[in-house]
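Whatever order the structure lists ligands and atoms in, that order sets their numbers, starting from 1.
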Amino acid sequence: MQLPDEAITYDYAHLLAPTSEEWTPAAELRQKHFLASTKLRELMPRVLQVRSQVATERELKQPPPEMLPLDSGFIDLPQNLLDQQRKQGDASQLGRIMTLAAHMREQVDRFLVLGIGGSYLGARALFESLRSSFHNDLPAKERSGTPRIYFEGNNVDNDSLAELFEMLSITCIDPEVRDERWGVTVISKSGGTFETATAYRAIRREMREFYGLHAPQLKTLIVPITGAAGKLRALCHADGFADENVLTIPDDVGGRFSVFTPVGLFPAAVMGLDVRALLLGATAMTRRFLEERFETNPVLQYAAVNYLMATQYHKPIRVMSIWSKKLEAVGLWYDQLLAESLGKKGLGPTPLTAVQTRDLHSRGQQHQEGMRDKIINNLVVNAWSQPPLMVGMADRNEDELNQYNRKGLPDIMRAAREGTNRAYFDAARPTADLVMPTISEHTMGQLLQMLMLATVVEGRLMGVNPYGQPGVEMYKANMKALLKP
Ligand code: PA5
């Protein structure tokens, strides 16, 4: 179910080249750097054809070898998980996720998420956007029974992991006390990723030391999430994990498309998020993608506009300009999604995340006057979750802010955004707005699914397979060769 005012929209009217504008040097630049409506119209049949292609691909049971890899399972998965839960209740995949997560929440006050790339960035985006920015600093009762959350296994940084262990050894003394217990999920689809595997080895050692070598908690306070086969699954078997305590990542869903598999859903449930609302949001977006006409279809609009800007207007840098600090990790998640999906065959836009107004003070100069190689997609949230903080009157006015006493931070943010957009328009710098009505599980579900679908559509428009990441293997092979004793 989706209320109309909960829907995400993509507003690109400001980057269309104005059709009747008096000649000025800036107007001439806009004709050159802004999108001509005719180009968008010309592309339309191809966009609609790609949509049909993507819709058909998801139904292929045995794709021909030249189409592989084809990890299109993410498209229907949210709906399938909800349907399955309705029919099977606790025995469904979602039911299982919720049960394991409830146990984790009851049992521990600190929860580590081990994973890298697609096996971590989605969970982090959900955590940062939907939980308090100070979640880990809040007392337990203010966290409504959810543990503090930490992300590791996404690096091989010695000091970072050592400092995590140091923190655990200082704060977690007695395994009999809930507030001193910690748990972990280890997430790796392949089961062989070095960063995650080495962190897990160290954490497994620490856990055995803390809980005892044969403690039964080791089987429930560690929740592995992995593919149907691989080294991590083999290790779990050897360690005696019950099959139902190891969550499975479907074969036909690739890492960076896996936020709505146990990879994102299990950590989200431990964080106490409404995972059904996330899935409902994603489902609503899939339906809009498949059914709505271009004019109201944010997936097709975003893919078409950004594709044309990259390929026909020489805008290889794609800036996600984020107007809410809480969405920075969404930008990092999208960086990976776009770079790994489309950075192939010498092609692909370069993603760049900027958080505003912070980065107006670092990147703003370049975006206003630097090379004309960027399209800027603003990610905008219409309604803040917290009541507005007002500037207010003060006894001393040396800062000259009393004149703004009736303004709140949301007013200042809006003025900064509109002022920036206007400055970019005047300088013929193309911008568009991706608008979220608010930040909630439902809108986050829509947003992440929208960006995944748009990336697939864009890949098909470019003639690049958005799935797989063969280039990432090179560094791994070299690293392993260099480590050989
Ligand atoms: O998108 C991808 O497939 C990758 O970014 C993977 O998520 C990342 O390399 C981690 O892989 P794994 O889950 O196998 O450890």
Legend entry - Any Gln356 side-chain heavy atom under 4.5 Å of Ser321 side chain: yes
Legend entry - Heavy atom of the protein closest to atom 14 (O) of ligand 1 (residue, atom name, distance): Ser190 OG, 2.6 Å
Inset, instruction - Compute the minimum heavy-atom distance from Thr196 to ligand 1 and say whether it is under 4.0 Å. - result: no
Legend entry - Cationic N near anionic O, under 4.0 Å, Glu292 to Arg51: no
Inset, instruction - Enumerate the atoms of ligand 1 whose separation from the nearest heavy atom of Ser119 is less than 4.0 angstrom. - result: 7 (O), 12 (P), 13 (O)
Legend entry - Heavy-atom gap Gln336 to ligand 1 smaller than 4.0 Å: yes
Inset, instruction - May I ask which of Glu195, Gln469, Glu473, Lys476 has a heavy atom nearer to atom 3 (O) of ligand 1 than the others do? - result: Gln469
Inset, instruction - Flag the pair Glu128 and Lys326 as a salt bridge only when some basic side-chain nitrogen lies within less than 4.0 angstrom of an acidic carboxylate oxygen. - result: no
Legend entry - Proximal atoms of ligand 1 relative to Ser188 (non-hydrogen, under 4.0 Å): 12 (P), 13 (O), 14 (O), 15 (O)
Legend entry - Thr193 N/O under 3.5 Å from ligand 1 N/O: yes
Inset, instruction - For ring pair (Phe, Tyr, Trp, His ring centres under 6.0 Å), just list the numbers for Tyr302 and Tyr12, CA-CA rounded to whole Å, side-chain angles, deciding distance to a tenth of an Å, and then say yes or no. - result: CA-CA 8 Å; Tyr302 183 92; Tyr12 57 93; over 10 Å; no
Inset, instruction - Taking only Lys NZ, Arg NE, NH1 and NH2, and the carboxylate oxygens of Asp or Glu, determine whether Asp109 and Arg178 approach each other closer than 4.0 Å. - result: yes
Inset, instruction - Could you find the nearest protein heavy atom to atom 6 (C) of ligand 1 and give me its residue, atom name and distance? - result: Gly118 N, 3.9 Å
Legend entry - Protein contact to atom 8 (C) of ligand 1 [nearest heavy atom, distance to 0.1 Å]: Ile116 O, 3.7 Å
Inset, instruction - For atom 4 (C) of ligand 1, find the nearest protein heavy atom and state the residue, atom name and distance (0.1 Å precision). - result: Glu340 OE1, 3.4 Å
Inset, instruction - Using a strict cut-off of less than 4.0 Å between a Lys/Arg side-chain nitrogen and an Asp/Glu carboxylate oxygen, indicate whether Glu328 and Arg124 qualify as a salt bridge. - result: no
Legend entry - Donor + acceptor pair across side chains of Glu57, Ser72 (<3.5 Å): no
